[in-house]
Every structure is written in C-alpha cells, then in structure tokens.
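Nothing fancy with the numbering, it's 1 onward along the sequence. In this text, all values refer to a predicted model and were calculated from it rather than measured experimentally.
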Amino acid sequence: MGKLFGTFGVRGIANEKITPEFALKIGMAFGTLLKREQPDKELWVVVGRDTRVSGEMLKNALISGLLSVGINVIDVDIAPTPAIQFACRYFGVDGGAVITASHNPPEYNGIKLLEPNGLGLKKEREAVVEELFFKEEFDRAKWHEIGRLEKRDIIRPYIDAIKSKVDVEAIKKRKPFVVVDTSNGAGSLVLPYLLRELGCKVVSVNAHPDGHFPARNPEPNEENLQGFMKIVKALGADFGVAQDGDADRSVFIDENGNFIQGDKTFALVVKAMLQEHGGGLVVTTIATSHIIDELAKQYNGRVLKTKVGDLIVSRALLEHNGLIGGEENGGVIFPDHVLGRDGAMTVAKIVEIFAKSGKKFSELIDELPKFYQVKTKRHIEGDRHAIVGKVAKIAEQKGFRLDTTDGTKILFDDGWVLVRASGTEPIIRIFAEARSEEKAKEYLDLGLSLLDEALKG
C-alpha cells in the first residue's frame, strides 16, 4: 500500500498527481471514516480553497465525494487556510478540508484534512483514510441519504474574531502606514481589508486573486520579495507585509526596505505575549533562533522545542496548554484563535505592538536579543535521514553536546548548528547561529565539514 500524506496533507502537480478522481476518492475516504466513527450523527464538513486555477475543480470533486457518502458540506470557497481552520470551530463541524499547496508554484495543488477543532488530522486517522483510499472501501449513501451542500461566508467572522483580539483604538491612534503584498493568493480577500478596519493606511500590491500568481512566486522569501522591498522603502511606509499563497504566513519588511527574518517577527509576538500574560509556555521548533529562549528567561517564560512542522507545534500547544507557538519561517500560532499558523492574526498583533510602542519597526527589531544566523543547503539524493544520523555519530565521537530531537543539533555556550534532512525535498539543510556573525559562520562550516565526513563514510 502506498502513502498519501506528508507532514500535513498531500501535494503534487494539479491534474497529474492531484486529479479530480484523486480528490473525489479523498472525499469519499474521509467521509467514510467520519460515518463509521459516528454512524448515528448528522455530520458536517467545512471545505475551502486558495486561489489556484485548479482549486475550483478539485474542491467540487472533493465535495462530491463527501456528499456521496452522506456527509453534509459547508462550502466557504476561497479563504486563507487559517480562516478555514477557524471555520471548523466557528460552525461546530465534524471536520474540514482545505484545497491548497500553500507556498508552492501555481501548477501545484493539494489537500489538507482537519479535525473538528481545526487542527490537522491525527496521524492514526490519516492512516485509516489512506487505507480506505487505496482499497476503495467507500460507504456510499442511499439516494435519499446523500449529503446536502450549503455555501457560507467565513471571511467576515474571521476578520471580526481577529479584531476582537487586538487593541483597535491604539492602532487607530497611531494609524500605521502598511504596504501589503498578498501574492494574488487567498490573503487578498482578508489582509488589506483587515488592516484598513484596524485603522491603518494601506497600499496593496498583487492583491487581486489570481491563481496564476503572475507577480511573483508565492513563497515569501527575500529572493522573491526584492521588488516589494524597494516599494516599501520608496513609499515611506512604516513597514511592509508579504504573504504566501494560502496566507498562513506573513513576513515583514522594515521602513528601510530590509527583509526581517521570521524568527525575529515571531520573537516580537513572544515578547509581547509574555509581557501581557506575565509568562507562559512558548512552543517552537528545534530550528528556531535562541532569541526565543533569551526572551523566555527575561519575561518568566518556558520554552518547549519540537520537531519542525507547524502541525507538530500546534499539537504541542494544545497538549501542554501553551500560550503562543511559532517557527523560524515566520509562521505564528495563536492557539486560542486558530490551531495552526495564521498570517492575518500575526499581522494584527504586530501592528498592535508597533502602534503601542511609538517606535520605528527597525527599532523594535534592534531591541531583541542579538543573535546572528546563517543558513545553507545541500542537494543530496538517497537516505538523507541516515546521513544525518551519521553526522550525529561523528559529532558524538568528537565530544560535542547534541540534541537529536529533529536532525543533529550541536550545542555551544554561545550558539548552535543544526544539520537536518528536509521532509519534502531532496536536500539537507544546515542552520547555524551565534552571538557574533563570525562565530555563526564558523559553526556553519563545522556543520558542513561533519556532513562531508558523513558522506565520505
């Protein structure tokens, strides 16, 4: 039997791997699982999508699969992934499905399945969906028991929920000037309007929904945002915000046009949340900057480190009653709002922090504990996890202090280096961090030399 799901959902080229037949079978398998778990209940699933060209086709196929096994469907159509996750709790449904490939290029699409609380489907339930999918064991409903379809809006409730969690009056008082790039994705329907309602002056670019992503690759990294960074500076904005295709992440550009690493914007939120709540548990991954650890020491916080993946962080937040969670790529999780990364909620919170501070965006970043991070990657075929395991053995033999939560992380008093196999691409990533740029590069070189040694072996 094959395997469908990766770390969170399944992705591939639309109409090659991710076909209407594929989506139909996913819908039937997911619906069959739900019916077998609760045979006597009227069941509802919320379904939505991002702006991709193939989204309508795949959404309709997946809905047909759910209806055919007797599941009722609420179709919220185009919406950010976190808004669809929010809809699970808001509508009180029995599950959810998102048609998205997040930051991947336009030819890709995918499907994420959700629990009733909006969290990604548990692994043991995913395994049942896989088994039903491959064996094609679907419990088709009788003609008079086919599910019914309702179309509802989630954008307005989602925006209102975000506004209820920040100090709108403080934001209106300062009236920040924000430039927004939603990459023609699902965030186009939320972020410019949310910011305007919060009291910001807003200029939008790439904010008309277009699944071809004509302006730029939807991955909001520094390379893809060069033009946007110049726009932010040229317009004299207080800062800029760019999102990926499904708007679960937001990255920031300061008033000088500088790209701000995701660790640092996450750190701004952590600092504010710990101050507001007098401490609390922060959940983040093994790859995130130790800025978070330093802030936890300063503001009565605790830090729990997990494997890489927003789904893993979200589950840990739920399990340990965490205050805030996030990743090094800028994804921030507010568990009392949505159990997943939420780009719009992140922006609203940072706008509030900015408005209350009275400072420039660059000044807020400069006040954070000072760490320098450098990153690289190697394209490597074969068993990458075994190679990273060899790195751990070599490092242990050399007497280094290790953390093997996810990959091989070598710890020093003033920094660390992480050698980790990607879960989605044929690459091994090497991250290094230290209190000086020189030391960070030294640790990166160490990681690369250990990897070379492992490859020779």
K.L.:
Just by distance, no angles: are the side chains of Ser102 and Asp244 close enough, under 3.5 Å, to form a donor-acceptor pair?
P.N.:
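Yes.
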K.L.:
Please determine whether a side-chain nitrogen of the Lys or Arg among Lys271 and Glu294 lies less than 4.0 Å from a carboxylate oxygen of the Asp or Glu.
P.N.:
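No.
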K.L.:
With sequence neighbours left out, write down each residue that passes side-chain contact (heavy atoms from CB on, under 4.5 Å) with Glu126, or none if nothing qualifies.
P.N.:
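Glu126 satisfies side-chain contact (heavy atoms from CB on, under 4.5 Å) with Phe5, Leu121, Lys123 once adjacent residues are dropped.
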K.L.:
Let me see the working for Glu197 and Arg156 under salt bridge (Lys or Arg N to Asp or Glu O under 4.0 Å), right down to the final yes or no.
P.N.:
CA-CA 12 Å; Glu197 289 182 31; Arg156 185 72 257 163; 2.7 Å; yes
K.L.:
For the pair Phe86 and His337, name the ring-plane relationship: parallel under 30°, tilted 30 to 60°, perpendicular over 60°.
P.N.:
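Because their plane-to-plane angle lies in the 30° to 60° range, the rings of Phe86 and His337 count as tilted.
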K.L.:
Using a 3.5 Å distance criterion without hydrogens, assess whether the side chain of Asn256 forms a donor-acceptor pair with backbone atoms of Asn258.
P.N.:
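Flag not set: sc Asn256 to bb Asn258 has no pair under 3.5 Å.
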K.L.:
Thinking salt bridges, do Glu328 and Lys375 make one under a 4.0 Å N-O criterion?
P.N.:
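A salt bridge links Glu328 with Lys375.
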K.L.:
Report the C-alpha separation of Ser289 and Gln373 in whole Å, then their side-chain angles, then the decisive distance to 0.1 Å, and conclude whether the side-chain hydrogen bond (donor to acceptor under 3.5 Å, both in side chains) test is met.
P.N.:
CA-CA 8 Å; Ser289 171; Gln373 200 172 92; 4.6 Å; no
K.L.:
Think Arg52 forms a cation-pi with Tyr108, using NZ or CZ under 6.0 Å from the six-ring centre and within 45 degrees of its axis?
P.N.:
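Checked: cation-pi criterion not met.
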K.L.:
If you measure from the Lys or Arg side-chain nitrogens to the Asp or Glu carboxylate oxygens, is any gap between Asp413 and Arg401 under 4.0 Å?
P.N.:
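Yes.
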K.L.:
Counting neighbours of CZ on Phe412 that are heavy atoms of other residues, nucleotides or ligands and sit closer than 6.0 Å, is the number greater than 12?
P.N.:
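Above 12, so yes.
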K.L.:
Does the pair Tyr443 and Asp414 meet the rule for a side-chain hydrogen bond (donor to acceptor under 3.5 Å, both in side chains), with working shown?
P.N.:
CA-CA 10 Å; Tyr443 294 152; Asp414 63 343; 2.5 Å; yes
K.L.:
Closest heavy-atom contact between Gly185 and Ser188?
P.N.:
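Closest approach of Gly185 to Ser188: O-OG, 2.8 Å.
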K.L.:
How close do Ile171 and Ala348 get, heavy atom to heavy atom, and via which atoms?
P.N.:
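So the minimum-distance heavy-atom pair works out to CD1-O, 4.3 Å.
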K.L.:
Under 3.5 Å, is there a donor-acceptor pair linking the side chains of Asp153 and Tyr158?
P.N.:
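Asp153 vs Tyr158: no donor-acceptor pair found between side chains.
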K.L.:
Please check: side-chain N/O of Asp94 versus main-chain N/O of Trp44, any donor-acceptor pairing under 3.5 Å?
P.N.:
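Yes, Asp94 side chain to Trp44 backbone: donor-acceptor pair under 3.5 Å.
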K.L.:
Give me the atom names and distance for the closest heavy-atom approach of Gly326 to Thr284.
P.N.:
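Nearest pair, atom of Gly326 first, then Thr284: O-OG1, 2.8 Å.
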K.L.:
I'd like to know if Lys409 pairs up with Glu433 as an ion pair, taking the criterion as any Lys NZ or Arg NE/NH1/NH2 lying under 4.0 Å from an Asp or Glu carboxylate oxygen.
P.N.:
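Salt bridge between Lys409 and Glu433, a charged N being under 4.0 Å from a carboxylate O: no.
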K.L.:
Looking only at non-hydrogen atoms, find the nearest pair between Asn117 and Cys88 and report the distance.
P.N.:
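Minimum heavy-atom contact is C-CB, 4.4 Å.
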K.L.:
I'd like to know if Arg216 and Asp181 make a salt bridge, using a cut-off of under 4.0 Å between side-chain N and carboxylate O.
P.N.:
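Yes.
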K.L.:
Okay, side chain of Gln85, backbone of Leu119: is any donor-acceptor separation there less than 3.5 Å?
P.N.:
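No, Gln85 side chain to Leu119 backbone: no donor-acceptor pair under 3.5 Å.
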K.L.:
Between Ile380 and Leu451, is any pair of side-chain heavy atoms under 4.5 Å apart?
P.N.:
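They are in side-chain contact.
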K.L.:
Tell me whether Thr182 contacts the main-chain N or O of Asn206 through its side chain, where contact means a donor paired with an acceptor under 3.5 Å.
P.N.:
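A pair under 3.5 Å: yes.
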K.L.:
Regarding Asp77 and Arg49, does a basic nitrogen lie under 4.0 Å from an acidic carboxylate oxygen?
P.N.:
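Yes, Asp77 and Arg49 are salt-bridged.
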K.L.:
Closer than 4.0 angstrom, basic N to acidic O: yes or no for Lys349 and Glu352?
P.N.:
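A salt bridge is present here (some side-chain N lies under 4.0 Å from a carboxylate O).
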K.L.:
Quick one: do Lys360 and Asp238 make a salt bridge, cutoff under 4.0 Å?
P.N.:
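Salt bridge: no.
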K.L.:
Does this structure show an ion pair linking Glu327 with Arg341, if we count only N-O contacts that are shorter than 4.0 Å?
P.N.:
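Answer for the salt bridge query: yes.
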K.L.:
On the ring face of Phe431, is Arg420 found with NZ or CZ under 6.0 Å from the centre and within 45° of the axis?
P.N.:
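No; the conditions do not both hold, so Arg420 does not lie above the ring face of Phe431.
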K.L.:
Could you give me the CA-CA distance, side-chain angles and deciding distance for Leu4 and Ile26, then say whether side-chain contact (heavy atoms from CB on, under 4.5 Å) is met?
P.N.:
CA-CA 10 Å; Leu4 285 178; Ile26 289 281; 3.8 Å; yes
K.L.:
Does this structure show an ion pair linking Lys305 with Asp293, if we count only N-O contacts that are shorter than 4.0 Å?
P.N.:
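So Lys305 pairs with Asp293 through a salt bridge.
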K.L.:
Between Ser250 (side chain) and Val241 (backbone), is there a donor-acceptor pair under 3.5 Å?
P.N.:
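Not confirmed, Ser250 side chain does not pair with Val241 backbone.
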K.L.:
Hey, are the side chains of Pro220 and Gln243 touching, using non-hydrogen atoms and a 4.5 Å cut-off?
P.N.:
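Heavy-atom side-chain distance check fails, nothing below 4.5 Å.
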K.L.:
Ignoring hydrogens and geometry beyond distance, is a side-chain donor-acceptor pair present between Thr81 and Asp246 at under 3.5 Å?
P.N.:
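Thr81 vs Asp246: donor-acceptor pair found between side chains.
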K.L.:
Is Arg152 salt-bridged to Glu150, going by a charged N under 4.0 Å from an acidic O?
P.N.:
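Here Arg152 pairs with Glu150 in a salt bridge, since their nearest N and O are under 4.0 Å apart.
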K.L.:
Would you name the heavy atoms of Ala83 and Ile154 that are closest together and state the gap between them?
P.N.:
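Looking at all heavy atoms of both residues, the shortest contact is O-CG1, 3.6 Å.
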K.L.:
Of all heavy-atom pairs between Leu295 and Leu368, which one has the smallest distance, and what is that distance?
P.N.:
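Looking at all heavy atoms of both residues, the closest pair is CD1-CD2, 4.2 Å.
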K.L.:
Would the Phe22 and Phe133 ring centres measure less than 6.0 Å apart?
P.N.:
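Ring centres of Phe133 and Phe22 closer than 6.0 Å.
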